[in-house]
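A short worksheet on the structure shown next.
When a residue number appears, it is its place in the shown sequence, counting from 1.
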Amino acid sequence: EKEHNAAIAFAGDIGWTFFDTVRIGGKYLVASGDPNRTDGRFATFTNLFAANHYIMGLADLQSWQNMVGRSGNVTIYLGKYGRLRLAYWDVNKHKLQDSWYAISGAARAGATTESASNARFGDAANADGTTSLGASRLRRNLYQEYDIEWQINVDGFFVELGYSLIHAQDAVGAIND
């Protein structure tokens, strides 16, 4: 059987450094999702590596699949004391019907509003016992993430400490409330 793949991904990072001590930046990430997982076409981007710290936030909450992420960040260079980085992430679904994907790449079926069978007018029961929500009940916003990270070079070894705070948004909260 012929398989049709039509997945895309993009990552962009831009920033300005002032006086060699402060960098203000922004990131934009997108990885396509599949609007209909039952039509024989595969449109959800699948990344090669599970950990996405190099392009995404510190928390391992989302795979680079079916997502649009926007970030604003500030990095303060502290000389021999390392660097301090503060970041804010707003992460949404690319396609409302598709799932939210765990860091492992597995779909978190039932963890967000989704519609595996692309139910358009009302809820529909799936063969696996889950429910595909009708289009009017689907939500886009997954979560907001706040990160603080400190990194220092100690005798040629990088030591990094970080903390993330996550706030669930309507696509997650509509299921879990």
Next item on the list: Grab the two heavy atoms, one from Ala6 and one from Ser32, that are nearest each other, plus how far apart they are.
Entry: O-OG, 4.4 Å
Next item on the list: Determine whether Val74 and Leu165 fall in the same hydrophobic cluster, where Ile, Leu, Val, Met, Phe, Trp and Tyr are linked whenever their side-chain heavy atoms lie under 4.5 Å apart.
Entry: yes
Checklist line | Distance (rounded to the nearest 0.5 Å) between Thr75 OG1 and Leu84 CG | finding: 8.5 Å
Check: For the side chain of Asn66 and the backbone of Thr44, is there at least one donor-acceptor N/O pair under 3.5 Å apart?
Finding: no
Notebook entry, point to check: Which heavy-atom pair separates Leu29 from Ala11 by the least distance, and what is that distance?
Noted result: CD2-CB, 3.2 Å
Item checked: Point-to-point distance, once rounded to the nearest 0.5 Å, from CG of Leu142 to NE2 of His94 -> 13.0 Å
Item checked: Within-4.5 Å side-chain heavy-atom neighbours: Asn73 and Trp89 -> no
Item checked: Glu145/Tyr88 under side chain to side chain donor-acceptor pair (under 3.5 Å): CA gap, chis, key distance, verdict -> CA-CA 6 Å; Glu145 177 179 339; Tyr88 165 77; over 6 Å; no
Next item on the list: Say whether Met67 and Phe10 are linked into one hydrophobic cluster, either directly or through other cluster members, by side-chain heavy-atom distances under 4.5 angstrom.
Entry: no
Notebook entry, point to check: Does Val68 share a hydrophobic cluster with Ile166, counting links as ILVMFWY side-chain heavy atoms below 4.5 Å and allowing steps through other members?
Noted result: no
Notebook entry, point to check: Taking the side chain as C-beta and beyond, is there a heavy-atom pair between Tyr77 and Arg23 under 4.5 Å?
Noted result: yes
Checklist line | Euclidean distance, Gln62 CD relative to Met56 CE, rounded to 0.5 Å | finding: 5.0 Å
Check: Would you say the side chain of Thr21 lies within less than 4.5 Å of the side chain of Ile76, judging by non-hydrogen atoms?
Finding: no
Margin query: Taking Ile148 as the starting point, is it possible to reach Val22 by hopping between hydrophobic residues whose side chains are less than 4.5 Å apart?
Written below: yes
Please tabulate, for side-chain N and O atoms in residues 150-163, each donor-acceptor pair with protein atoms closer than 3.5 Å (sequence neighbours left out).
residue: Trp150; atom: NE1; partner: Tyr81; partner atom: O; Å: 2.9
residue: Gln151; atom: OE1; partner: Arg83; partner atom: NE; Å: 3.2
residue: Gln151; atom: NE2; partner: Glu160; partner atom: OE1; Å: 2.9
residue: Asn153; atom: OD1; partner: Gly156; partner atom: N; Å: 2.9
residue: Asn153; atom: OD1; partner: Phe157; partner atom: N; Å: 3.4

Note to self: So, taking the atom named NE2 in His167 and the one named CG in Asp90, what distance separates them when rounded to the nearest 0.5 Å?
What the structure shows: 12.5 Å
Note to self: Please give me the minimum heavy-atom distance between Tyr28 and Arg70, naming the atom from each residue.
What the structure shows: CD1-CG, 3.9 Å
Notebook entry, point to check: Given the rule in the salt bridge (charged side-chain N to carboxylate O under 4.0 Å, His left out) test, do Lys27 and Asp147 qualify, once you have shown the distances and angles that lead to the verdict?
Noted result: CA-CA 14 Å; Lys27 288 188 176 185; Asp147 296 335; over 6 Å; no
Next item on the list: Please work out whether the ring planes of Trp64 and Phe45 are parallel, tilted or perpendicular, with thresholds of 30° and 60°.
Entry: perpendicular
Next item on the list: Enter the distance from Asn92:CG to Gln144:CD here, rounded to the nearest 0.5 Å.
Entry: 8.5 Å
Next item on the list: Examine Leu86 and Phe18 and state if one hydrophobic cluster contains both, with Ile, Leu, Val, Met, Phe, Trp and Tyr joined whenever side-chain heavy atoms are less than 4.5 Å apart.
Entry: yes
